[in-house]
2 protein chains.
Amino acid sequence: MAHTRQPTRERILDAAEALFAQRGFEGVSVRQIMSQADADVSLAYYHFKSKRDLFDQVMLRKVEYLNEIRLQALEEVEERHRDDEPSVEEIIGAFTRPLLQLLADDHEKWSHYFQLIAQINNSPEMGGELMSRYFDPLVSRFIDALKKALPDSGPADLYWSYHFLSGALTLTFAETGRIDNLSGGVCKSTDIAAVDERMPEFLAAGFRALCSR
Amino acid sequence: MAHTRQPTRERILDAAEALFAQRGFEGVSVRQIMSQADADVSLAYYHFKSKRDLFDQVMLRKVEYLNEIRLQALEEVEERHRDDEPSVEEIIGAFTRPLLQLLADDHEKWSHYFQLIAQINNSPEMGGELMSRYFDPLVSRFIDALKKALPDSGPADLYWSYHFLSGALTLTFAETGRIDNLSGGVCKSTDIAAVDERMPEFLAAGFRALCSR
DNA sequence: ACTAGTATTCAACGCTCGTTGAATTTAGCG
DNA sequence: CGCTAAATTCAACGAGCGTTGAATACTAGT
């Protein structure tokens, strides 16, 4: 069975995603992207308006799907608990698990995109604007669900708890290899299953400690 | 009382720190740095070997002091608990509080440096190497202390818990303003006291949940 | 005042950057 | 085939990049 080449536009987006994830927006040139996509430099400006537009399209290409599967996971949890309240673990799991599963199941396809998110989330320049634009509607939905599960929480505590969650999750996405060094090989940055197994439990305990005072 | 100008080398380091923190290593040119430092471009290469060397010196300038005050805070906690075991909160507080206090007390001086750390920690390219080089000796010391406070912890659980801590802490350093948007103004990225007040409690609960199974 | 060393300025190097317009090839369709 | 529109190539633009070497100004110590 012969191999049909991907459309050029997709090849460019793939190359841009991989390179932006490694070195950031400014650390990559359009020429490097097009070289990796095996296409002429000027083709970038046939398919996209500018380097910045290319970057935005890389972001947009996958973000909607991510928001869909996470919302769906939350709705399933709420469906399952039509009569009682869902636990904090389950709500947090609905937030983290869909992404961690994608990353674990098709690492090749998703790792670069999540690395990009990790960098953006921690970028003083773009973090506030981009993350809010792409994710805050969904995040607000999750915070509402958590507010019901933690009815005694003060108004600020839930937001700060989510902030801690966000930091923990996106550092996982970065897959820097630091935990490999620190643990002397006991843990591996790419072992997403190990994270999936621990993160909801860890964070739920934090939420409860802070939002039940 | 007249104002004495800072030595040129320090002015360059200050300018580089601020700009690298905002836009990353690749996003800033030596010319921009020297323009902000109000000095000729070529002076950068009199005081430093290269752009990369300048970046390294920015990092090195403050990292030792940070490691010192955190180690000291840990030793004080251990001193205070010569007979019993220190609590997980206290150990984590010794890790986070010295930095958060610096940031709260002299924001002007420290905010850019911590923003830089936030970006590096989440950079797939540099995160593993640089963070390990600069911080892992100290972190190992803290993990040993936590192991004593959590004697039933499995070998991987402590490292993953620290990983979550690291992500939560460095996202705080980034001060992206996202939590301002998300909370509609209830929380502010720059309100470090609010973080200091919540982080040890939140994280200690997570550590205990994961490392006491 | 002379000197030695430090600090700073000036001009330039080769190279890469993002971007563009025009020319060319390719693919779909009557 | 012949026409049209989409896709791709080619060559180049002005600007900015990191870096360097030589010339100049400043600052101590004698």
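Chain letters run A, B, ... following the sequence lines, proteins first and then strands; every chain starts at 1.
Salt-bridge formation is detected for the pair B:D38/B:R5: a Lys NZ or Arg NE/NH1/NH2 atom is positioned less than 4.0 Å from an Asp or Glu carboxylate oxygen. Between A:K148 and A:D144 there is no salt bridge, since no side-chain nitrogen of the basic residue lies less than 4.0 Å from a carboxylate oxygen of the acidic one. A salt bridge does not link A:K49 with A:D56: none of the charged nitrogens is closer than 4.0 Å to a carboxylate oxygen. Between A:R141 and A:D136, no side-chain nitrogen of the basic residue sits less than 4.0 Å from a carboxylate oxygen of the acidic one, so the salt-bridge criterion is not met.
For the residue pair B:T190/B:H107, the side-chain donor-acceptor check at 3.5 Å is not satisfied. A donor-acceptor contact closer than 3.5 angstrom links the side chains of A:H163 and B:T172.
Residues B:I120 and B:F55 are in side-chain contact: their nearest non-hydrogen atoms beyond the backbone lie under 4.5 Å apart. Between B:F135 and B:V63, some side-chain heavy-atom pair lies under the 4.5 Å cut-off.
For A:K51, there are no salt bridge (charged side-chain N to carboxylate O under 4.0 Å, His left out) partners two or more places apart in sequence or in a different chain. With sequence neighbours excluded, the residues satisfying side chain to side chain contact (heavy atoms under 4.5 Å, CB included) with B:T176 are B:A174, B:R178.
For A:S132 (side chain) and A:E129 (main-chain N/O), no donor-acceptor pair under 3.5 Å exists by modelled atom type.
For the contact set between residues 12-29 of chain B and DNA chain C, defined by any heavy atom under 4.0 Å, there are no members. At a non-hydrogen distance threshold of 4.0 Å, B:S42, B:L43, B:Y46, B:H47 from residues 41-54 of chain B come into contact with DNA chain C.
Nearer the 5' end of DNA chain D, as judged by each residue's closest nucleotide, is the contact made by A:T8, out of A:T8 and B:D40.
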For nucleotides 23-29 of chain C, tabulate all protein N/O to nucleotide N/O atom pairs closer than 3.5 Å, reporting atom names and distance.
none

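On the nucleic acid side, DNA chain D has its first and last nucleotide under 4.0 Å of a heavy atom of chain B at D:dC17 to D:dG21, going 5' to 3'.
Using bins of under 30°, 30° to 60° and over 60° for the plane-to-plane angle, the ring pair B:F95/B:Y162 lands in the perpendicular bin.
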